[in-house]
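Please read the structure below before turning to the comments.
All values reported here derive from a predicted model rather than from experimental measurement. In listed order, ligands and their atoms are each counted from 1. Residue numbers count from 1 along this sequence.
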Amino acid sequence: MELERIFPGKTIVFGVAGCIAAYKAADLVSRLKKLGADIHVIMTQSAGELVRPMTFQTLSQNPVHTDMWAEPKKWNVEHIGLADSADLFMIVPATANIIGKIANGIADDMLSTTVMAVKAPIVIAPAMNAKMYDNPIVQTNIEKLKDLGYHIVEPDYGYLACGYEGKGRLPDNEVILKAACKALSSEKDLAGKRVLVTAGPTREALDPIRHLTNPSTGKMGYAVAEEARNRGAEVILISGPTMLPPPKGMKVINIKSAVEMHKAVLDHYDETDIVIKSAAVSDYRPADIADKKIKKDDVTEEQLVINLERNPDILLELGQRKGNKILVGFAAETDDLLTNAKAKIEKKNLDLVVANDVTQEGAGFASDTNIAKIIYRDGSIEEVPKMTKKELAELVIDKVKKLVP
Ligand code: PMT
């Protein structure tokens with residue numbers, strides 16, 4: 001339904017790079033054409049070795065561009081004209097080569113030169129051998145593009161044309177269509193909004209080298225912050241200690257303890273429109289912090305007890321001064337997921353809660369995927385099947401967007 005609404009009348013410049021999956025791109029172009037989009041295909045020279053330009057010309061009903069130096073058919077500079085005309089730019093399949101060129105500002109053929117001049121959203125669907133995909137240089141280039149707001153469609157895991165099995169397959173066209181639809185419809189819909197996201201664990205010190213903590217890696221919260229940034233919001237990410245690189249295009253504040261997170265969040269609360277608290281905040285901290293390492297022999301059997309005191313419940317405090325801000329909590333539960341999560345909405349005065357049962361395989365801490373229930377203030381519940389944390393982040397931001405007045 002969404003596809004039928006979004007694509008009619010849209011101009012899509014569609015790049016095809018030299019990967020065997022180029023044959024699947026022909027079907028995608030046909031699908032987009034049937035959905036009412038005006039498609040202009042640019043093929044790299046290697047793509048032309050795998051699938052003939054005539055295939056794409058016939059399916060798109062437009063001339064296919066392959067050559068920077070072909071005689072222009074219009075008065076304007078062809079690659080700039082194409083870039084300007086695009087409502088959406090797609091590269092399917094995208095090879096390590098084209099990804100590397102874009103990430104490093106190399107423009108040496110029609111596709112890499114045109115994409116450099118594009119202001120429209122850009123969807124890139126990488127497809128290549130699994131070892132190539134895993135190569136840290138390719139991964140760094142992909143991360144760089146993500147940071148710059150390019151929409152990257154994760155490749156699938158499975159049998160690859162080169163005979164290997166692994167991650168690198170071009171996903172089904174339905175998945176790419178969904179990503180294209182999303183890029184077209186949701187682009188910058190949070191522009192002008194200030195979003196505060198918390199992520200990762202807190203560390204509650206016992207002494208200078210020991211602490212109480214939890215297994216949060218920050219993956220969920222960072223994905224939410226990146227999605228909010230991609231949608232045009234001004235983002236502040238308040239992060240506990242993680243191994244993740246700080247995302248670009250947002251203010252990142254690193255904290256360690258819940259007390260530090262409490263201060264950082266309150267310092268920025270007044271200037272914020274939306275708060276999404278995916279951090280796993282420790283509810284307690286050791287009542288005493290030794291200023292030197294506690295030595296094994298310094299502690300008697302009777303002293304083998306850690307006295308705790310309560311940390312501030314940050315979200316509870318935000319809820320007490322909610323005003324017209326949108327407040328989203330996460331709930332990590334091991335039992336009675338719905339009852340506990342619903343109680344948190346009430347108690348903390350939230351608009352919605354993303355509840356994950358952290359005992360489920362592929363949900364909660366550390367995994368790249370999550371399984372959630374989105375629970376609203378009115379008691380309604382949306383079940384979210386297993387999906388990547390990036391996809392869940394997109395969904396959460398979609399829900400939040402609907403709440404923005
Ligand atoms: O980081 P990952 O490895 O990707 O893992 C993701 C996750 C499991 C950490 C994430 O999906 C998640 O569930 N985050 C919330 C974990 C949690 O602390 O839940 P809670 O039920 O204890 O707290 C409920 C809400 O209150 C949370 O939004 C929490 O940030 C907030 N809270 C909790 C305690 C406290 N003292 N202050 C708070 O603000």
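In terms of modelled atom types and a separation under 3.5 Å, the side chain of Ser257 and the main chain of Glu260 share a donor-acceptor contact. The backbone N or O of Arg210 lies less than 3.5 Å from a partner atom in the side chain of Asp207, making a donor-acceptor pair.
For Asp134, there are no salt bridge (Lys or Arg N to Asp or Glu O under 4.0 Å) partners, not counting sequence neighbours. With sequence neighbours left out, the salt bridge (Lys or Arg N to Asp or Glu O under 4.0 Å) criterion links Lys263 to Asp267. Here Asp378 pairs with nothing under the salt bridge (Lys or Arg N to Asp or Glu O under 4.0 Å) rule; sequence neighbours left out.
Across Thr113, Asp108, Thr44, a single residue satisfies side chain to side chain donor-acceptor pair (under 3.5 Å) together with Lys101, and that is Asp108.
Residue-level contacts of ligand 1 at the 4.0 Å heavy-atom threshold are Ser216, Thr217, Gly218, Lys219, Met220, Lys277, Ser278, Ala279, Ala280, Val281, Asp283, Pro312, Asp313, Ile314, Leu315, Gly329, Phe330, Ala331, Ala332, Lys344, Lys348, Asn356, Gly364, Phe365, Ala366, Asn370, Lys389.
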